Amino acid sequence: MNELQSNNDLQHDNELQRDIAVVKFGGTSVKTIARIQHVADIIKGISRERKCIAVVSAMGDTTDYLLKLAKQASSVPDKRELDMLLSTGEQISIALLCMVLKDLGVKARSLTANQVGIFTEHVHTRARIVQINNKKLLADFEEEDVLVVAGFQGVTTAGDITTLGRGGSDTTAVALAAAVKAPECDIYTDVDGIYTSDPNKIPGARLLDRVSSGEVLEMARLGAQVLHPRAVELARQYKVRLRVRNTFKPEHKGTLIDSGENMELFRAISGVAVDEDQCSVAIMDVPDTPGIAGKITQALADENISMDMIMQSVHPTAGVNSMIFTVSDSDIDQTIKTLDAIRSQINAKEVLSDPDCAKVSLVGQGLCGQPWIPALLFNTLGKNGINIKMISSSEMKITCVVSRLKAQQAAKLLHDAFELGEEKSGDQNPHAAKSV
Ligand code: ASP
Ligand code: MG
């Protein structure tokens, strides 16, 4: 089931609530009391013109600190109790922010997920939102101008506190925007917006003024530290325009994320993403019969392990096949254990793994059907002696797995080769003449 899909409340009124601003401030934006005061000033400014829902994360690294405490208390902390603990981080932020807002004369109220009615599935540590009680929010606006809501947390219909998964406050903000039918949601963070690549690692990375939600989803999944993918998915589903902007430069417009209409006409590629925490796993010489891939993937699904770049292709020996895929670093031990356990059942010869993997991906809405793009990509890596271990492509991306040591160099080379640091208008394809 998709997030929020069963929410009938969302369908009851198609009028967009243009007079409600939904904003979200991340952990770095509320790291100290001084920063909370700065955030309160921004919210006060907004509240002069519109009602405002402000979602906040836990202060700085509070969630990491709470996780560390939990690990000290128990080697495998009970998930229900973990959610109880982790949700307290956001509660600190909403209370402090509201105190400051009230001192500034703003009519504000802090609300936990339980108080709002942000209902989730009965799953701990990565629950999905099922329904939001927008009537409570709209009723509170009769008395208040600003509602400060704790991000990242939810509640089950049985009254248990849940959390949405790390980085989940973005999802809370978009879900609230969808629930009150606000057309936009501003995500305030500590960078100016979304770049063509990580500006801390690729010196020529350029800020994008607009990017499509599809591209952002790919970038996030492929390792770019942008937005919580579930937040982007929800925004796309409920047609909420997202704007990523800098808390410390509130006048800066940031990056607009929308459906990306007409975008591929003027820009084939939007960015290069790197994910250095990848491993590949290969199951060698399994019988080439129906049902094997199902058994392998089912065993991993039962452990909740996500696979990516799943491939099976031509095998030199008749009657057998091999399957290869990637998993994230944190899942590799469990993956090998699970596959070893079913190896004899599926008659596989062996399970191989390679921990030295990084994904380097080109992402772009207009990448499809342009043969010069893969040619330039592979030629660039080849000329520079970078070996490609795996390749996969889809509508909006081409991913290469390379050694971790080469990943940043590969990204920089591609960023230069595709001239992503340069503002483009009109036809982006500098290689069109060569490709025809
Ligand atoms: N505080 C949570 C985390 O650090 C949620 C968030 O910041 O969005 O993951
Ligand atoms: Mg955080």
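Both ligands and their constituent atoms are indexed starting at 1 by order of listing. Since this is a predicted model, take the numbers as computed values, not measurements.
For Phe25, the ring pair (Phe, Tyr, Trp, His ring centres under 6.0 Å) partners are Tyr188, not counting sequence neighbours. Legend: residues meeting salt bridge (charged side-chain N to carboxylate O under 4.0 Å, His left out) with Asp61, ordered by chain and number and at least two apart, are absent.
Here the side chains of Met307 and Thr326 are not in contact, with every heavy-atom distance at 4.5 Å or above.
At least one heavy atom of Gly168 sits closer than 4.0 Å to an atom of ligand 1. At least one heavy atom of Gly167 lies less than 4.0 angstrom from ligand 1. Residue contacts with ligand 1 include Glu90, since one of its heavy atoms falls under 4.0 Å from the ligand.
Residue-to-ligand polar distances place Ser169 within reach of ligand 1: an N/O pair is separated by less than 3.5 Å.
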Checklist entry - side-chain hydrogen bond (donor to acceptor under 3.5 Å, both in side chains) between Thr163 and His124: does it pass, once the steps are laid out? => result CA-CA 6 Å; Thr163 62; His124 287 290; over 6 Å; no
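Nearest-heavy-atom check against atom 7 (O) of ligand 1 across Ala231, Gly27, Ser57 picks out Ser57.
Between Met59 and Lys31 the shortest heavy-atom distance is CE-O, 3.4 Å.
Near Arg166, meaning under 4.0 Å from one of its heavy atoms, ligand 1 places the atoms 3 (C), 4 (O), 9 (O).
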